[in-house]
Amino acid sequence: AAGAEMDVFEPHGNTRCVSRQVRVGYLSPDFNKHSVSYFTEALLRHHSVAHFHVTCYSAASKEDATTRRLRSCADSWFSVVGMSPLAAAQKIRADKIDILVELAGHTAGNRL
């Protein structure tokens, strides 16, 4: 089991080709009516689709109209509710995310 955890942290095999989209992941328990959504909505809505592929990993225990609006702005959306940290990390790695941004910091529900 300890070896499986180490595999998650080895360098990923993403290509460094400058012509491909950079895959950005946003992880948050606050993809709903919450202060975090006020600044993330513009970020998600206006990302350059030619240069970035955006995946949101939602740890939100409740969904609302804001959740649905945010989901429509992302290229991909995945719920990590109920997943272990290792399973979530493996999913993110499998999605070939180049840059992962954890939006909760040290507030309630973070996945740090």
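For the numbers below, each heavy atom of this structure counts, side chains included, while hydrogens, waters and symmetry mates do not.
Following chains of ILVMFWY side-chain contacts shorter than 4.5 Å, one cannot reach Val49 starting from Ile99, and the two form parts of different hydrophobic clusters. There is no path of hydrophobic side-chain contacts, each under 4.5 Å, that joins Leu44 to Tyr38.
Judged purely by atom type and a 3.5 angstrom limit, Asp75 has no side-chain atom pairing as donor or acceptor with the backbone of Thr55. Checked by atom type and distance alone, the side chain of Ser37 pairs as donor or acceptor with a backbone atom of Asn32 at under 3.5 Å. Within the 3.5 Å criterion, the main-chain N or O of Val36 finds no donor-acceptor partner in the side chain of Asp30. The closest donor-acceptor contact from the side chain of Ser28 to the backbone of Ala104 lies at 3.5 Å or more, if one exists at all.
Within the cation-pi definition used here (under 6.0 Å to the ring centroid, within 45° of the axis), Lys91 does not qualify as a partner of Tyr57.
The two residues Phe78 and Met83 have their closest heavy-atom pair at CE2-SD, 3.5 Å. For Cys73 against His47, the heavy-atom pair with the smallest separation is O-CE1, 3.5 Å. Contact record, Trp77 with Leu70: CZ3-C, 3.8 Å, taken as the closest heavy-atom pair.
Here the straight-line distance linking atom CG of Leu27 with atom CD of Glu102 works out to 5.0 Å at 0.5 Å rounding. We find the CZ-CG distance between Arg93 and Leu86 to be 11.0 Å, quoted to the nearest 0.5 Å. From Thr66, atom OG1 reaches atom CZ of Arg71 across 11.5 Å, with rounding to the nearest 0.5 Å. Distance check, rounded to the nearest 0.5 Å: CG of Leu100 to CD1 of Ile92 gives 5.0 Å. With rounding to the nearest 0.5 Å, the separation of CD in Gln21 from NZ in Lys96 is 14.5 Å.
Every residue two or more places apart in sequence or in another chain that forms a side-chain hydrogen bond (donor to acceptor under 3.5 Å, both in side chains) with His51 is listed here: Ser48. Scanning for side-chain hydrogen bond (donor to acceptor under 3.5 Å, both in side chains) contacts around Arg68 gives an empty result, with sequence neighbours left out.
None of Arg23, Arg16, Arg20 except one satisfies the side chain to side chain donor-acceptor pair (under 3.5 Å) rule with Asp98; the exception is Arg20.
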